[in-house]
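Beneath this line is the structure, given in structure tokens, with notes to follow.
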Amino acid sequence: MAELTIGRRHVPLGNPGKALFTDPTTTKSDLAGYYRTVATVMLPHLRERPLALQRFPDGIGSAGFFQKRRPDNAPDWVPGARVPREGEGDTVEMICCPDEATLVYLADQAVVTVHPWLSRADRPRHPVRLVVDLDPPGDDFDTVRFAALALRDLLGELGLPAYPMTTGSRGMHVMVPLVGRQDVDEVRRFARGVADVLAARHPDRLTTEMRKDRRGGRLLLDVMRNAYALHAVAPYAPRPLPGAPVATPLDWDEVDDADLTARRYTVRSVPGRIDRVGDPWGRVDRHARILSTAARRLRSWR
DNA sequence: GTTCTCT
DNA sequence: AGAGAACAACGCTCA
DNA sequence: TGAGCG
């Protein structure tokens, strides 16, 4: 049992040499080291937001699982946040991750991917992120880049900034930072409207049809995660795939590069990338928007 | 990864 | 004491 | 109500 000292916390790390990923082998200790290295750029995207944790205690070759509730056996310094369940009455306590020590605790729990809510725990019905997931059929990343650029342009017509990220699996996310004025139902309605307009502009390549057997080889513009208590993969989160690919925030000029892929950046390469270019999403919250003007403009088009 | 049950 | 099993999510849409 | 989906 290894133990890492982070500030005044002593965080245990069991089975530090256990391989969690293949190609190349990446151990629990490697994962903890990765989290420590990226903490500075990753934590601002997690702070205050309830987390769904995707855990793989036996490595990514075995079935993992989602964990949403804060377990009673978590160290008392790992913060929880009590949020209402959708529907009525009861609440659930979820984990929040405000600091590096908690990030290493998550590594010890074999958390490969963290999925933050799109809202903060103190205002759970008012998202501070709008996310469109670009989910291609197969591995057609040219269509992903096309959709991302087309979506950026459409959001620009609506007066909204947009930020791109590889997901580390097959597609990309395009994110709009929000101040939290609109509630979750308004945000979802707006996101659906934007996706419908974009799909209508490019009906041969894009669709909003959720069912796989009706997509007809088109890329899915998925806005379903803009709902209460749903979440999106965090910036800089590794994904449970060979090579330990990472969801990586980008600058828009990188989306023009025909060599870009969803799995371009990994646990091995992201620290060097951050040294070179910093965090392309480092200032997103300063550009948070209210949706009212954009929503009015969108309605006027339809 | 942790907890519980069965030998 | 050790092996093995159980357990660890959820909201929305369409049929 | 449940299967499908992410």
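Per chain, numbering begins at 1; letters A, B, ... match sequence-line order.
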Measure from the side chain of [X], starting at C-beta and using heavy atoms only, and say which of [options] lies closest.
X: A:A227; options: C:dC10, B:dG1, C:dC12; value: C:dC12
X: A:K212; options: C:dA9, B:dG1, D:dC5; value: D:dC5
X: A:M224; options: B:dG1, D:dG6, C:dC12; value: C:dC12
X: A:R225; options: B:dG1, D:dG6, C:dG11; value: D:dG6
X: A:N73; options: D:dG6, C:dA9, B:dT2; value: B:dT2
X: A:E86; options: D:dG6, B:dG1, C:dG11; value: C:dG11

Practice prompt. Check the side chains of A:T167 and A:S169 for a donor-acceptor pair under 3.5 angstrom, ignoring hydrogens and angles.
Written response: yes
Rounded to the nearest Å, what distance is computed from the [atom1] atom of residue [X] to the [atom2] atom of nucleotide [N]?
X: A:R125; N: C:dG11; atom1: CZ; atom2: P; value: 11 Å
X: A:D213; N: C:dA15; atom1: CG; atom2: C1'; value: 12 Å
X: A:L230; N: D:dC5; atom1: CG; atom2: C1'; value: 11 Å
X: A:R189; N: C:dT13; atom1: CZ; atom2: C1'; value: 16 Å
X: A:D72; N: C:dC7; atom1: CG; atom2: P; value: 17 Å
X: A:D222; N: C:dC10; atom1: CG; atom2: C1'; value: 14 Å
X: A:L106; N: B:dG1; atom1: CG; atom2: P; value: 13 Å
X: A:F66; N: C:dA9; atom1: CZ; atom2: C1'; value: 8 Å

Mind checking if [X] touches a base, just sugar-phosphate, or nothing, with heavy atoms under 4.0 Å?
X: A:Y228; value: sugar-phosphate
X: A:R215; value: sugar-phosphate
X: A:D133; value: sugar-phosphate

Discussion item. Please give the distance between the P atoms of B:dG1 and C:dC10 as a whole number of Å.
Written reply: 23 Å
Discussion item. Roughly how many Å apart are C:dA9 and D:dC5, using the C1' atom of each and rounding to a whole number?
Written reply: 14 Å
Is any side-chain N or O of [X] closer than 4.0 Å to OP1 or OP2 of [N]?
X: A:R214; N: C:dT13; answer: no
X: A:R69; N: C:dA8; answer: no
X: A:R192; N: C:dT13; answer: yes

Fill in: Residue pair A:L219 / A:A147: nearest heavy atoms and the distance that separates them
CD2-CB, 4.0 Å
Worksheet item: Do A:R273 and A:P280 come close enough that some side-chain heavy atom pair is under 4.5 Å?
Response: yes
Item to complete: State yes or no: do A:V176 and A:L250 share one hydrophobic cluster built from I, L, V, M, F, W and Y residues joined by side-chain heavy-atom distances below 4.5 Å, directly or via other members?
Response: yes
Worksheet item: Are the aromatic ring centres of A:W252 and A:Y163 under 6.0 angstrom apart?
Response: no
Discussion item. Closer than 3.5 angstrom, by distance alone: can the side chain of A:T26 be matched with the main-chain N or O of A:P24 as a donor-acceptor pair?
Written reply: yes
